[in-house]
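All ligand and atom numbering here is 1-based and tracks the order in the structure.
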Amino acid sequence: MENTEKPLLFALPKGRMADESLALLSKAGLSEPVDNNDRKLVLESADGCFGYVMAKPWDVPTYVEYGAVDLGICGLDVLRESGRNVHEPLLLPFAHCRLSVAGPANRPDTPLRYESQPRVASKYPRLAAQFFRERGVNAEIIGLTGSVELGPILGLADLIVDLVETGNTLRANGLIEFRTIMESQAVLIVNRASSRLRAAEIQSVVERLRAVI
Ligand code: PRP
């Protein structure tokens with residue numbers, strides 16, 4: 001890709017999606033971050049075409065919507081919860097999981113719609129509230145930022161809405177899945193203005209990634 005006056009800013013998720021994101025860039029032949037200092041948050045690519053911003057996954061949609069970066073990689077779960085308005089040109093083949101309603105395995109077999117005011121712990125308060133609202137269930141959503149499975153164990157919540165990948169965490173904590181709210185995987189997202197103003201460069205990134213997935 002040709003260098004222009006300004007590198008494209010690309011937000012990559014730190015944490016469990018980082019390795020697969022970097023591996024995909026490499027496979028697509030996109031110039032990778034030159035990482036000479038692991039505390040540095042903006043890393044230039046060797047060819048100067050990209051500035052890679054290592055971001056908390058939950059912040060990626062915000063950076064992209066506001067144009068703080070031109071494009072980014074995050075999970076569909078995080079994107080839908082954020083409600084951010086961005087282009088989504090490409091689903092990426094990793095971070096497959098689902099957002100599910102789960103609860104204690106020994107819970108009485110009551111259909112969710114007959115639950116009166118269940119307390120639901122979640123890192124996804126918007127999606128959880130929407131799911132129960134659409135089913136006419138008056139749920140109280142309790143926002144947590146991690147280890148949501150503790151909710152029913154500690155008596156904080158009747159149910160949880162959380163990500164399930166292998167199901168190991170649920171099983172280890174005596175919980176089972178009741179419903180799938182959505183399937184999730186990684187997604188490439190693009191700022192709406194950047195997709196017009198830097199259309200050729202962004203199209204080239206999309207095509208290179210598309211070619212290897
Ligand atoms: C996620 C999710 C579940 C677990 C699911 O948590 O919130 O707890 O992974 O994976 P599994 O079905 O393969 O067991 P994460 O590890 O990101 O930590 P957190 O709960 O502290 O956010």
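- Checked against a 6.0 Å centroid threshold, the rings of W58 and Y124 count as neighbours.
- Annotation: atom 20 (O) of ligand 1 to nearest protein heavy atom, S147 N, 3.1 Å.
- Here E165 does not pair with R98 in a salt bridge; the nearest charged N to carboxylate O distance is not below 4.0 Å.
- Taking every non-hydrogen atom of T166 and a distance limit under 4.0 Å, the qualifying atoms of ligand 1 come out as 11 (P), 12 (O), 13 (O), 14 (O).
- By the 6.0 Å contact criterion, CD on E44 is open, its count of non-hydrogen atoms from other residues, nucleotides or ligands being 12 or less.
- Listed by atom number, the atoms of ligand 1 under 4.0 Å from E149 heavy atoms are 3 (C), 8 (O).
- Near V164, the atoms of ligand 1 lying under 4.0 angstrom from a non-hydrogen atom of the residue are 12 (O).
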When you look at R80 and E88, which way does the salt bridge (charged side-chain N to carboxylate O under 4.0 Å, His left out) test go after all the steps?
-> CA-CA 11 Å; R80 296 287 175 261; E88 303 169 34; 2.9 Å; yes
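- What sits closest to atom 18 (O) of ligand 1 on the protein, heavy atoms only, is K123 NZ, 4.3 Å.
- When the heavy atoms of D162, T169, L163 are ranked by distance to atom 7 (O) of ligand 1, first place goes to D162.
- With hydrogens and angles disregarded, no donor-acceptor distance shorter than 3.5 Å links the side chain of S122 to the backbone of G143.
- For the pair E177 and R171, the salt-bridge criterion is not met [side-chain N within less than 4.0 Å of a carboxylate O].
- Nearest to atom 9 (O) of ligand 1 among the protein's heavy atoms is R16 NH2, 3.4 Å.
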